Amino acid sequence: MDARFCNNLKLARIECGYTQKEVALKLGVVESCYANWEQGRTEPSIELLRQLGNIFKLDLETLINGDL
């Protein structure tokens, strides 16, 4: 997993004022699943990436490769 993506995911969540649990609930996944994405242990599917972009109001290019 790309460290930039993991960092961007965490920063976007914090900037939006969400907890990991809140984002997980919005996505319909368990909190540990979401936490694993931020920690780089696993990665979300394309569909979940799209949903993350919508939740954080970011395009996927920014979420994956940008500097937040």
Side-chain angles (χ1 to χ4, degrees):
M1 177 63 69
D2 182 71
R4 181 179 287 175
F5 169 73
C6 297
N7 189 54
N8 285 346
L9 192 59
K10 183 176 182 176
L11 290 175
R13 175 181 58 79
I14 291 168
E15 286 179 15
C16 288
Y18 294 131
T19 64
Q20 288 183 343
K21 185 173 188 169
E22 289 170 325
V23 176
L25 285 171
K26 289 177 180 292
L27 295 170
V29 300
V30 295
E31 184 179 353
S32 62
C33 177
Y34 178 82
N36 283 336
W37 301 341
E38 283 192 7
Q39 295 167 5
R41 293 186 185 130
T42 59
E43 55 190 45
S45 68
I46 296 296
E47 179 54 36
L48 289 172
L49 273 174
R50 288 184 186 118
Q51 290 180 38
L52 285 165
N54 289 334
I55 290 168
F56 299 139
K57 295 178 180 50
L58 292 172
D59 64 82
L60 294 184
E61 178 65 26
T62 301
L63 185 58
I64 295 168
N65 296 312
D67 290 318
L68 298 184

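Heavy atoms only: backbone and side chains are in, while hydrogens, waters and symmetry mates are out. The shown structure was predicted, so the numbers you read here are calculated from the model rather than taken from an experiment.
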Show which side-chain atoms of residues 45-54 pair as donor or acceptor with protein atoms under 3.5 Å away, not counting sequence neighbours.
residue : atom : partner : partner atom : Å
S45     : OG   : L48     : N            : 3.2
E47     : OE2  : Q51     : NE2          : 3.3

- Residues in side-chain hydrogen bond (donor to acceptor under 3.5 Å, both in side chains) with N8, at least two apart? none

- Message: Enumerate the side-chain hydrogen bond (donor to acceptor under 3.5 Å, both in side chains) contacts for residues 57-68, please, sequence neighbours excluded, ordered by first and then second residue.
- Response: D59-T62, E61-N65

- Do the non-hydrogen side-chain atoms of E43 and F5 ever get within less than 4.5 Å of each other? no

- Note on the structure: The side-chain hydrogen bond (donor to acceptor under 3.5 Å, both in side chains) partners of E38 (sequence neighbours excluded) come to R13, Q20, Y34

- Message: By the ring pair (Phe, Tyr, Trp, His ring centres under 6.0 Å) test, which pairs, at least two apart or in different chains, include something from residues 46-68?
- Response: none

- Spacing of CG belonging to L9 relative to CG belonging to D2, to within rounding of 0.5 Å: 11.5 Å

- Message: With a 4.5 Å cut-off on side-chain heavy-atom distances among I, L, V, M, F, W and Y, is there a chain of contacts connecting L58 to L60?
- Response: yes

- Item | Spacing of C6 atom SG and L11 atom CG [to the nearest 0.5 Å] | 11.0 Å

- Interatomic distance, CD@E22 vs CD1@I55, rounded to 0.5 Å, equals 11.0 Å

- Give, for atom CD of E31 and atom SG of C33, the distance between the pair rounded to the nearest 0.5 Å. 11.0 Å

- Item | Distance in Å, K26 NZ paired with K21 NZ, rounded so as to fall on 0.5 Å steps | 14.0 Å

- Message: Quick check on the hydrophobic clustering: are L27 and I14 connected, directly or via other members, by side-chain heavy-atom contacts under 4.5 Å?
- Response: no

- Contacts of type side-chain hydrogen bond (donor to acceptor under 3.5 Å, both in side chains), residue N7, not counting sequence neighbours: none

